[in-house]
There are 2 protein chains.
Amino acid sequence: MDAPRPRKRATILDVAREAGVAASTVSRAFTNPGRVNQATREHVLDVAKSLGYTPNPMARALESGRTETLALLVPDITNPYFAGVIKGAEGAAARSGRTLVLGDTQESAATEAELVRRLGPAVDGFVLSASRLPDTELRRAAELNNLVLLNRAIPGITGVVADFGSGTRQIIDHLASHGHPSAVFLAGPPESWSGRRRWAGLEDAAHAVGMTVRRLGPYAPTREAGAAAADAVITSGTTAAVCHNDMLALGVMRRLLERGVRVPDDVSVVGFDDIFGADLCTPTLTTLAEHTQDAGARAVETLIHLGLQRTRTDQSWQLPTHLVVRESTGPCRIR
Amino acid sequence: MDAPRPRKRATILDVAREAGVAASTVSRAFTNPGRVNQATREHVLDVAKSLGYTPNPMARALESGRTETLALLVPDITNPYFAGVIKGAEGAAARSGRTLVLGDTQESAATEAELVRRLGPAVDGFVLSASRLPDTELRRAAELNNLVLLNRAIPGITGVVADFGSGTRQIIDHLASHGHPSAVFLAGPPESWSGRRRWAGLEDAAHAVGMTVRRLGPYAPTREAGAAAADAVITSGTTAAVCHNDMLALGVMRRLLERGVRVPDDVSVVGFDDIFGADLCTPTLTTLAEHTQDAGARAVETLIHLGLQRTRTDQSWQLPTHLVVRESTGPCRIR
DNA sequence: TTGAAAGCGCTAACAC
DNA sequence: GTGTTAGCGCTTTCAA
């Protein structure tokens, strides 16, 4: 069974002819309501609607150089951590009348660079979330494009980051209040800027309260990697494990269970991100929530602002975090 | 601190001048490698690279009418069910050298219609996942755009749907094998095409094996709605509950637990989708897996194919499903 | 094999 | 207020 191919769309000239005005008048009716007679404008809009006319964004962009389109690049769309970021960014873009293009870099710097290159001329700017690109490449990209980084800070480039300083302090205070004398940090990939910040924050906070912290790893930020990480925890003899992220924490908890280590009775487990699932597992996971949706929205808003102003600033934002205490942490009971 | 605004990008004319050829030759060097002297071509490409030139997709699109961009619209980006769809679609689009635009319709038909209207002229086609639009609107949209539906079937419009016929049979067979004489279906929103198919499949399959099924609801497809649904299950006195989707199932299980009903000892619970989290909860959830990533990829591939051929067909695809048996289902023990 | 020129649909001067 | 005109960056005839 066959059906007709998509109809050709009406152009501004079709509307102009049908309405008995010039193309520029139609254009003005849409973009410059003030500078056209009210009656003409209404007539034009009527005709446009009857013809099903929508301005062609491509043609518009060609003239103005602006596409009203923003790109968001994330390492892995299926990672629930990014769901909030995407949602927030999409919302902020839509609210401003812009379109959001989503790119999955597949955790690869090469793919990310390629996407930036390809998408560059077609968008007004980028939000790079958890970028895998080295600083130099990022700087180069920022020369050609409006750019906002999410959870990555580079001097001279605008960024939005979670307040890991406060967040890690909350974690340490929580563990210390439960009497844990020490903790291990199960580190993620060394390239992870967030990961480095998390570790630095934990060290500082632990130092401040006289707690000992040690770093183990690195581990992949996945559930699968949790097995190896959990075994390392067991070997370490510690009573508290802070994991690079919730995915890893989930894997760690599962493995501890398998090995007969009780959470939180024997070992307390903390994660980062508060992803979907953190309150589904058993025990439910204590984790540092990052307000990813706010972060995504803020990044887009900052990006829009960047495109609007004449000079660029590297003003960056720090977003609050808060510890969600659930069942995976409890009092220290030295074995 | 100020930094320069994004540099102006090199145009085809810059390259032409620098290379000492005409713009058309540069154009050919990029798009028609065969019709230009090998040496000239290499020279042009060298110059282009040194200038950091990338063809402007907008200008290209203006001429050809094709943008190499596809749009995927989903009701809710944060719903883990769609993560797979998005990933699959993104992958297929990238593989074909196309860009994917993602839209969140916020479960609203109005937002969806608006997005289709706005994005229409800027993309080569749409994948509408779990569309909320009525049939008539969908038909109209399909007249103006290349369109592929995901989990929705309308005669004359190409679609990709999960094989709920086989899937629901698997569910019923599984429950019947455990001796459950009856089951209830906790229905989702009445507008949900998938939901209607699921119920129809369950009825047929149950009839075939002499099992009784009853429909309860409708309930929102959320964890929160699970409380009301679980209470209805308790009232019904049944031993098996099949839920509209995993989100609802998660909520139902939590509530049953709170009310002291044991899963699966007292009631077996089945979901649909196999979302992230289905194997995190306690007990882990038996659910019908849908291969959402394949579905997303297939939808995009079909869409591309649609744009390439001269005549449109409404050929639709049915994707296999399989029941993932976990801990939430077990033998019937009449109380 | 290459160049010149005419648009693609729209906006932005510049007239009237 | 409204029409005319000249491009935006690129592809694509049509000549050479």
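All figures in this text were calculated on a predicted structure; none of them were measured in a lab. Chain letters run A, B, ... following the sequence lines, proteins first, then strands; residues in each count from 1. Hydrogens, waters and symmetry mates are skipped; everything else that's a heavy atom, side chains included, is used.
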Under 4.0 Å from OP1 or OP2 of D/dG1: is there any side-chain N or O of A/R35 that close?
no
Determine: side-chain N/O of A/T25 to OP1/OP2 of D/dG3, distance under 4.0 Å, yes or no.
yes
Between [X] and [Y], does any side-chain N to carboxylate O distance fall below 4.0 Å?
X      : Y      : answer
A/R152 : A/D135 : yes
A/E191 : A/R132 : no
B/R98  : B/E68  : yes

By side-chain contact (heavy atoms from CB on, under 4.5 Å) - contacts of B/P134 (at least two apart):
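side-chain contact (heavy atoms from CB on, under 4.5 Å) list for B/P134, sorted by chain: B/T136, B/E137.
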Can you give me every donor-acceptor pair (side chain of residues 54-61 of chain B, partner residue at least two apart or in another chain, under 3.5 Å) with its distance?
residue	atom	partner	partner atom	Å
B/N56	OD1	B/M58	N	2.7
B/N56	OD1	B/A59	N	3.4

For DNA chain D, what residues of residues 13-22 of chain B have any heavy atom nearer than 4.0 Å?
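Heavy-atom cutoff 4.0 Å gives no residues at all.
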Under 4.0 angstrom, heavy atoms only, what part of the nucleic acid is A/S24 near: base, sugar-phosphate, or nothing?
base
How is B/T11 classified with respect to the nucleic acid when contacts are heavy atoms under 4.0 Å: base, sugar-phosphate, or nothing?
sugar-phosphate
When you match B/G34 and B/E63 each to their closest nucleotide on DNA chain C, which lands nearer the 5' end?
B/G34
At a heavy-atom distance below 4.0 Å, which nucleotide of DNA chain C is the first touched by chain A, and which is the last?
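Contacts span C/dG9 to C/dA13, reading 5' to 3'.
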Separation of atom [atom1] in [X] from atom [atom2] in [N], rounded to whole Å:
X     : N      : atom1 : atom2 : result
B/R28 : D/dT13 : CZ    : C1'   : 10 Å
B/E68 : D/dC10 : CD    : C1'   : 14 Å
B/F30 : D/dT12 : CZ    : P     : 15 Å
B/L62 : D/dT12 : CG    : C1'   : 13 Å

Could I get the full list of ring-ring contact (aromatic ring centres under 6.0 Å, His included) partners for A/Y81, not counting sequence neighbours?
none
Estimated bend of the helix from C/dT1-D/dA16 to C/dC16-D/dG1 (axis per five terminal pairs, rounded to 10 degrees)
40°
Full working for side chain to side chain contact (heavy atoms under 4.5 Å, CB included) between B/L138 and B/L149
CA-CA 9 Å; B/L138 242 20; B/L149 299 175; 4.1 Å; yes
Can you name the salt bridge (charged side-chain N to carboxylate O under 4.0 Å, His left out) partners of [X], sequence neighbours left out?
X      : result
B/R139 : none
A/R117 : A/E114
A/D14  : A/R17
A/E18  : none

Got a sec? Which of residues 40-49 of chain B come in under 4.0 Å of DNA chain C, heavy atoms?
B/T40
Determine whether A/P75 and A/F82 make a side-chain contact, defined as any pair of heavy atoms from C-beta on separated by less than 4.5 Å.
yes
Sort and list the pairs that fulfil ring-ring contact (aromatic ring centres under 6.0 Å, His included) and have at least one residue in residues 91-136 of chain B, not counting sequence neighbours.
none
Main-chain N/O of A/I304 paired to A/N146 side chain as donor or acceptor, under 3.5 Å:
no
